[in-house]
Amino acid sequence: MMIKPSTCLRNEYNEISNFCKTENKPVFLTKNGEGDLVVMSIEAYTYREEILDLREKLLEAESHRLNGAKTYSIDEVNTRLEEIINGSE
């Protein structure tokens with residue numbers, strides 16, 4: 001984990017940017033000794049957002065399952081997909 005004072009963002013931008021990209025880790029910035037910002041690469045941010053979105057969808061699906069929503073076996077899903085693909089809905 002890298003923690004830097006916020007003034008380093010201006011003075012060491014290239015080094016911070018390279019660290020975030022090569023190490024694929026965020027840099028935590030402080031202001032007056034307190035946590036203030038987190039800087040990360042676009043790739044890391046995009047990946048994190050995709051994982052959080054997937055987790056939210058999985059939690060919603062699990063909630064529906066626990067509340068009695070109909071579930072399907074792998075064989076039922078495969079059969080339905082074959083029907084759709086072959087146009088025999």
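Small disclaimer: the values here were computed from a predicted structure and weren't measured.
Counting non-hydrogen atoms of other residues, nucleotides and ligands closer than 6.0 Å to CD of E49 gives a total above 12. Counting heavy atoms of neighbouring residues, nucleotides and ligands inside a 6.0 Å radius, atom CG of N32 does not exceed 12 of them. Within a 6.0 Å radius of NZ in K70, other residues, nucleotides and ligands contribute more than 12 heavy atoms.
N24 and A44 make their closest contact through OD1-CB, 3.5 Å (heavy atoms, listed as atom of the first residue, atom of the second, distance). Among all heavy-atom pairs drawn from S41 and C20, the shortest one is N-CB, 3.9 Å. Of all non-hydrogen atoms in L29 and S6, the two that sit nearest each other are CB-CA, 4.4 Å.
Listed by chain and residue number, F19, K25 satisfy the side chain to side chain contact (heavy atoms under 4.5 Å, CB included) test with E23 (two or more places apart in sequence, or in another chain). Legend: residues meeting side chain to side chain contact (heavy atoms under 4.5 Å, CB included) with E62, ordered by chain and number and at least two apart, are R65, L66.
Put simply, I16 and L37 are part of the same group of oily side chains (I, L, V, M, F, W, Y) that touch within less than 4.5 Å, one to the next. Using a 4.5 Å cut-off between side-chain heavy atoms of Ile, Leu, Val, Met, Phe, Trp and Tyr, with links allowed through other members, L9 and M1 fall into different hydrophobic clusters.
Side chain of T79 to backbone of D75: a donor-acceptor contact under 3.5 angstrom is found. Checking side-chain atoms of T22 against main-chain N and O of N18 turns up a donor-acceptor pair under 3.5 Å. Under the 3.5 Å distance criterion, the side-chain polar atoms of E76 are matched with a main-chain donor or acceptor of S73.
The side-chain heavy atoms of N78 and R80, taken from C-beta on, include no pair separated by under 4.5 Å. Contact annotation: the side chain of V38 never approaches that of V27 to less than 4.5 Å [non-hydrogen atoms, C-beta and beyond].
Between the CE atom in M2 and the CZ atom in F28 there is a gap of 11.5 Å [rounded to 0.5 Å]. Note: L58 CG to L54 CG = 4.5 Å, rounded to the nearest 0.5 Å.
A side chain to side chain contact (heavy atoms under 4.5 Å, CB included) with P5 holds for exactly one of D36, N11, T30; it is T30. The residue from I51, T46, L52 that alone fulfils the side chain to side chain contact (heavy atoms under 4.5 Å, CB included) condition with R48 is L52.
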